[in-house]
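Contents: one structure, followed by commentary.
These numbers come from the heavy atoms of this one structure, side chains and all, not from hydrogens, waters or symmetry mates. We name chains A, B, ... by the order of the sequence lines, and we start the count at 1 in each one.
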Amino acid sequence: MPKDVITPRATDYNQWYLDIVREADLAESAEVVRGCIVVKATGWGIWEMMQRELDDRIKATGHANVQFPLLIPKSFIMKEAEHVEGFAPEVAEVTRAGGEELAEPYVVRPTSETIIGHFYSRWIRSYRDLPLLYNQWCNVMRWELRTRPFLRTSEFWWQEGHTAHATEAEAEAETLKILHDVYADFAEQVMAVPVIRGLKTEKEKFPGALRSYCIEAMMQDGRALQAGTSHNLGQNFARAFDITYTDQNNTVQHCWTTSWGVSTRLIGALIMTHSDDEGLVLPPRLAPTQVVVVPIYKSPEERAQVLEAVARITGPWHGRLRYRIDDRDNLTPGFKFNEWELKGVPLRVEVGPKDVEKGSVAVARRDLPGRAGKRFVPQAGLSEHLVALLDEMQGGLFQRALQFRAERSAVVGNYAELQQQVERGFAWAYWDGSSEDERHIQEQTRATIRCIPLDQPEAPGRCVYTGRETRQQVIFARAY
RNA sequence: CGGGGCGUGGCUCAGCCUGGUAGAGCACCGCGUUUGGGACGCGGGGGUCGUGGGUUCAAAUCCCUCCGCCCCGACCA
């Protein structure tokens, strides 16, 4: 049953996205603060689930959490040439405080490589201090001209990992470990969002990095979304901030550093991967509420009987399921069904007088919206049934997204095919062009090289643009 | 930062062209009847018409300023 508060995806995908954010009560525009949003309880609840899962993985790979200042001396940002150029247009500055002009302005952190670099240079003396593996959860600010909730806002929330190593090989191993074991694993196993792991081109890499890796996801309109990045910073920041150590041979060496991050943008990825015209669809492993129980009754006597049955039925769920009983008395069941579908709760259990009598309940699954996903099942063994259903849904969402991506992906052999394919999804193409060629293609097609996938084909082919033979394949797509 | 559109109870909007002191639906509050896919009746509360200035006897309405939001293009997690 289409909901009139949600614009169908086929009508206007962008408006659909905004409708979902509003109706699922995830966030709203901060209005009084340009380009910023207020993340509401439901939206922040999802972020907290993401944080928990990611933080476990970050700790499991040997990192500890720290916290650096929100404000960074402006001169720090200026120290690394590429970094300055990349971030200068989007930093906000604090020039006055305590009623006086500051001797040196601060910038509100757009990312923390510089201030962390400053302290790393003080903390690291010997090879015995390495590797240094820290992460911080914080908010950052990048002044944006055009914003969209979660996908691009001036303030956003993220984690940024910053590590220092003795050798290039160790830094590279760290960068890839985060990409695979933390980001890709989290995206696919927890978010049920299939991702392509790849390397950014020179044109698209992080300002100041040696190499940037990324995970790229495909949204339902065929556009690409960068869902996470992991950078090997080489010795660029180590040189700019004098991060050095003495090695086993008593020689002073520059460290090799890395940085990596994922942000609240992942909430946007989640929405645009799974949700439908009925509202938000949450994968069970990320849903703050996995099961909502809606009691159904007419008289006060029925109400008492039904609520008693609900208490008995949900008793064994403690610690196994994240659930909530919607016993609000001023709303009809039908209204609640629609509301919880809008909010993406994976499973709904209805308990009415007939169920009390027959020892059954109605279970509706969100991945099959409306009455189609509704079944009457016995109360006996219900917890196991629900746990199994959630598991099935988690896998099903991933498979559905994977299939969608496959349908919207194609290898293109020439430029005409490339132009067509980026209209609908990912265009895989052999590539041997320059940054300048890349720019030309962007001007003509609005598509960019999202990444050079880590999994490359065996056989060489001809570059889609220059016609030269190459072994390298890349993905072109329009991106968010 | 260019081009277009728009700011009126919490929300969506009408009223503006043709100036005369603000309305609807939804939401909210109270009471009653309802309740297995967005209930209904009756009663009620709530608006410096984005901001500042100007024109006028009189401005939501006409003119100017600024601010903000949305859409479309150039830059970006």
Side-chain angles (χ1 to χ4, degrees), chain A residues 1-6 12 14-15 18 22-23 28-35 85-91 110-111 139-160 183 200 203-207 212 214-217 224-231 259-269 278-279 294-300 302-303 306 327-342 348-358 360-364 369-374 376 439 442-443 446 448 479-480:
Chain A
M1 188 180 302
K3 294 179 172 61
D4 51 12
V5 290
I6 305 268
D12 183 345
N14 182 51
Q15 189 56 48
L18 296 169
R22 184 188 67 246
E23 293 300 323
E28 62 183 60
S29 162
E31 276 179 4
V32 290
V33 187
R34 162 94 171 270
E85 205 184 323
F87 282 105
E90 46 188 33
V91 295
T111 179
N139 54 349
V140 291
M141 175 157 282
R142 299 179 188 177
W143 211 248
E144 295 288 353
L145 302 174
R146 198 173 158 189
T147 59
R148 312 180 63 196
F150 297 118
L151 298 174
R152 173 156 297 107
T153 50
S154 288
E155 180 186 26
F156 58 90
W157 294 266
W158 76 347
Q159 58 69 218
E160 47 178 326
Y183 293 162
K200 284 290 183 192
K203 179 173 166 293
E204 300 282 330
K205 71 167 194 187
F206 177 77
S212 289
C214 62
I215 51 172
E216 292 282 331
L225 184 85
Q226 178 175 304
T229 47
S230 183
H231 316 290
S259 70
W260 28 275
V262 294
S263 72
T264 37
R265 177 180 239 204
L266 289 176
I267 297 172
E278 309 296 323
V294 179
I296 294 154
Y297 47 79
K298 291 188 169 68
S299 62
E302 272 184 358
R303 177 180 150 89
V306 167
D327 58 358
R328 290 176 295 176
D329 201 22
N330 57 332
L331 299 171
T332 60
F335 182 90
K336 294 177 184 177
F337 299 167
N338 282 285
E339 177 169 299
W340 293 114
E341 272 174 15
L342 275 171
R348 182 181 72 243
V349 172
E350 304 169 14
V351 183
K354 290 179 212 162
D355 298 305
V356 173
E357 197 180 311
K358 295 179 187 166
S360 62
V361 299
V363 176
R371 289 195 182 85
K374 197 152 136 178
F376 284 89
R439 223 178 307 278
Q442 180 173 6
E443 277 166 21
R446 291 193 289 144
T448 49
Y480 275 97

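Distance check on atom P: B/C17 versus B/G50 gives 15 Å, rounded to whole Å. Using atom C1' as the reference point in both B/G2 and B/A14, the two lie 33 Å apart (nearest Å). Nucleotides B/C72 and B/G54 have their C1' atoms positioned 34 Å apart, rounded to a whole Å. Nucleotides B/C28 and B/G10, compared at atom P, are 15 Å apart to the nearest Å. Comparing the P positions of B/G4 and B/C49 gives an interatomic distance of 28 Å, to the nearest angstrom. Straight-line distance between the C1' atoms of B/A24 and B/U65: roughly 33 Å, to the nearest whole Å. Atom name P, nucleotides B/C40 and B/G25: the rounded distance is 13 Å, in whole Å. Distance noted for atom C1' between B/C29 and B/A22: 23 Å (whole Å).
You'll find a donor-acceptor pair under 3.5 Å spanning the side chain of A/Lys374 and the base of B/G37, going by distance alone. A donor-acceptor contact under 3.5 angstrom links the side-chain atoms of A/Glu341 to the base of B/G37.
Contacts of A/Gly261 with the nucleic acid, taken as non-hydrogen atoms under 4.0 Å apart, are absent. Using a 4.0 Å heavy-atom cutoff across all strands shown, A/Asp355 reaches at least one base atom of the nucleic acid. Within 4.0 Å (heavy atoms only), A/Ala227 reaches no atom of the nucleic acid at all. Using a 4.0 Å heavy-atom distance criterion, A/Val306 is classed as making no nucleic acid contact. Nucleic acid contact class of A/Tyr297 (heavy atoms, under 4.0 Å, all strands): base. Residue contacts for A/Ser230: at a heavy-atom cut-off of 4.0 Å it reaches no nucleic acid atom on any strand shown. Counting non-hydrogen atoms under 4.0 angstrom, A/Ser263 reaches a base of the nucleic acid. Counting non-hydrogen atoms under 4.0 angstrom, A/Phe150 reaches a base of the nucleic acid.
With the nearest nucleotide of RNA chain B identified for both A/Glu144 and A/Val356, A/Val356 has the one nearer the 5' end.
With B/U35, B/C75, B/G38 as the candidates, the nucleotide lying closest to the side chain of A/Lys298 is B/U35. Side-chain proximity of A/Leu18 to the nucleotides B/G38, B/C71, B/G36 is greatest for B/C71. Comparing atom distances between the A/Arg446 side chain and each of B/A77, B/G73, B/G36 picks out B/G73 as nearest. Distances from the side chain of A/Glu350 to the nucleotides B/U35, B/C71, B/G36 place B/G36 closest. Set against B/U35, B/A77, B/G37, the side chain of A/Asn338 has B/G37 as its closest nucleotide. Listed nucleotides: B/G38, B/G37, B/A77. Nearest to the side chain of A/Arg371: B/G37. Among the nucleotides B/U35, B/C75, B/A77, the one closest to any side-chain atom of A/Pro333 is B/U35. The A/Ile296 side chain lies nearest to B/G36 when the options are B/G38, B/C75, B/G36. With B/A77, B/G36, B/G38 as the choices, the nucleotide that has an atom nearest any side-chain atom of A/Phe335 turns out to be B/G38.
If you measure from atom CZ of A/Phe337 to atom P of B/U35, you get 13 Å, rounded to the nearest angstrom. In this structure, A/Asn330 atom CG and B/U35 atom C1' are separated by 12 Å, rounded to whole Å. One can place CZ of A/Arg22 at 16 Å from P of B/A27, the figure rounded to the nearest angstrom. Whole-Å rounding puts the A/Asp12 CG to B/C70 P distance at 14 Å. Atom-to-atom, CD of A/Glu339 to P of B/A39 comes out at 12 Å; the value is rounded to the nearest Å. Separating the CG atom of A/Leu151 from the P atom of B/C70 is a distance of 13 Å, rounded to the nearest angstrom. In this entry the distance linking CD of A/Glu28 with C1' of B/C69 reads 13 Å, nearest Å. Separating the CG atom of A/Leu342 from the P atom of B/G37 is a distance of 17 Å, rounded to the nearest angstrom.
One finds a salt bridge joining A/Arg303 and A/Asp329 here, because a Lys/Arg side-chain nitrogen approaches an Asp/Glu carboxylate oxygen to under 4.0 Å.
The two residues A/Gly279 and A/Ile6 have their closest heavy-atom pair at CA-CD1, 4.3 Å. The two residues A/Val262 and A/Ala227 make their nearest non-hydrogen contact at CG1-O, 3.5 Å.
The structure places CG of A/Asn139 at 4.5 Å from CD of A/Glu155, a figure rounded to the nearest 0.5 Å. One finds the CG atom of A/Leu151 at 6.0 Å from the CG atom of A/Leu225 (value rounded to the nearest 0.5 Å).
The base-pairing partner of B/C66, taking Watson-Crick or G-U wobble contacts with both distances under 3.5 Å, is B/G50. Base pairing analysis places B/C26 opposite B/G10; the two distances defining the Watson-Crick or G-U wobble pair are each below 3.5 Å. B/C40 is paired with B/G32 under the Watson-Crick or G-U wobble criterion, all donor-acceptor distances under 3.5 Å. Across all strands shown, B/G19 forms no Watson-Crick or G-U wobble pair with both distances under 3.5 Å.
With 3.5 Å as the limit, one finds a donor-acceptor pair spanning the side chains of A/Ser212 and A/His231.
When the side-chain hydrogen bond (donor to acceptor under 3.5 Å, both in side chains) test is applied to A/Glu350, the partners found at least two apart in sequence or on another chain are A/Arg348, A/Lys374. For A/Lys203, the side-chain hydrogen bond (donor to acceptor under 3.5 Å, both in side chains) partners are A/Gln442, not counting sequence neighbours.
For A/Ser154 (side chain) and A/Glu144 (main-chain N/O), a donor-acceptor pair under 3.5 Å exists by modelled atom type.
At B/G38, none of the side-chain N or O atoms of A/Thr332 fall inside 4.0 Å of OP1 or OP2 (strictly under the cut-off).
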